[in-house]
Amino acid sequence: MALRMWASSTANALKLSSSSRLHLSPTFSISRCFSTVLDGLKYAPSHEWVKHEGSVATIGITAHAQDHLGEVVFVELPEPGVSVTKGKGFGAVESVKATSDVNSPISGEIIEVNTELTGKPGLINSSPYEDGWMIKIKPSSPDELESLLGPKEYTKFCEEEDAAH
């Protein structure tokens, strides 16, 4: 009963009903847990995303990750010029619930850091794929992108992970 009430209030907040059809832009999809997963990005099982454009890869944490963290209150980021290694930590995100290390999904040299997050860490919650990006790197092994998950695979991964908990 409580779940039905929650689902109904969530649908109302999202302006959805069982009789209406949801028309989504082909640039994104929503998984059953209501976390946004964007097409055109690659995803790590540790819940970081990568947007690769030319010689630059932008990295941040996913909507799914920030949903689980709750309100982000502090972000620790490295300095430009530092090298990051695939699977190794480069920073941390502190929320009202926990502090989590952030791992780099690919290797490379940091060329830019999102300094806006210092004064506005909540950008990770409100705009994880746009204003809440964390670092930009020059990838040293672009082929590492091939080992990451696509949007459909990441959505399935999140659903399975949530079901297991």
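FYI, the numbering just counts along the sequence from 1.
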Kindly indicate whether the side chain of [X], heavy atoms from C-beta on, has any atom under 4.5 Å from the side chain of [Y].
X    : Y    : answer
Y154 : L41  : no
F74  : P121 : no
N103 : F90  : no
D162 : H64  : yes
L148 : Y43  : no

What's the separation between atom [atom1] in [X] and atom [atom2] in [Y], rounded to the nearest 0.5 Å?
X    : Y    : atom1 : atom2 : value
D39  : K152 : CG    : NZ    : 8.0 Å
K120 : T115 : NZ    : OG1   : 10.5 Å
I61  : S100 : CD1   : OG    : 7.5 Å
E76  : T99  : CD    : OG1   : 9.5 Å

Between [X] and [Y], is there a donor-acceptor pair closer than 3.5 Å when you use the side chain of the first and the backbone of the second?
X    : Y    : value
E144 : S107 : yes
S95  : L69  : yes
S141 : D143 : no
N125 : G70  : yes

**Q.** Results of side chain to side chain contact (heavy atoms under 4.5 Å, CB included) for E130 - residues two or more places apart only
**A.** S127
Q | Ring centres under 6.0 angstrom apart (F157, H47) | A | yes
Q: Please assess I124 against L117 for the test side-chain contact (heavy atoms from CB on, under 4.5 Å), listing each intermediate value before the final yes or no.
A: CA-CA 8 Å; I124 288 176; L117 296 177; 4.0 Å; yes
**Q.** Those residues that, when tested against E153, pass side-chain hydrogen bond (donor to acceptor under 3.5 Å, both in side chains) (two or more places apart)
**A.** none
Q | K86 atom NZ, neighbour heavy-atom count above 12 within 6.0 Å | A | yes
Q | Single hit among N114, I135, I110 for side-chain contact (heavy atoms from CB on, under 4.5 Å) with I59 | A | I135
Q | Side chains of Y129 and T62, donor plus acceptor under 3.5 Å | A | no
Q) Checking side-chain contact (heavy atoms from CB on, under 4.5 Å) for the pair E160/K156: CA distance, chi angles, key distance, verdict? A) CA-CA 6 Å; E160 290 171 353; K156 182 178 179 189; 2.9 Å; yes
(Q) D131 vs S126, test: side-chain contact (heavy atoms from CB on, under 4.5 Å). Steps then yes/no. (A) CA-CA 8 Å; D131 299 330; S126 62; over 6 Å; no
(Q) Once salt bridge (Lys or Arg N to Asp or Glu O under 4.0 Å) is applied, do any residues pair with E79, and if so which ones, sequence neighbours excluded? (A) none
Q: Using the ring of W49 (Phe, Tyr or Trp, six-membered ring only), decide whether K51 places NZ or CZ under 6.0 Å from its centre and within 45 degrees of its axis.
A: no
Hey, quick one: are [X] and [Y] part of the same hydrophobic cluster, counting side-chain heavy atoms closer than 4.5 Å, chains of contacts allowed?
X    : Y    : value
L123 : V93  : yes
V56  : V113 : no
L145 : V84  : yes
I137 : L77  : yes
V50  : V75  : yes

Q. Which pair of heavy atoms, one from P139 and one from A57, lies closest together, and at what distance?
A. CG-CB, 3.8 Å
Q: Check step by step if side-chain contact (heavy atoms from CB on, under 4.5 Å) holds for T58 and M134.
A: CA-CA 8 Å; T58 304; M134 300 179 82; over 6 Å; no
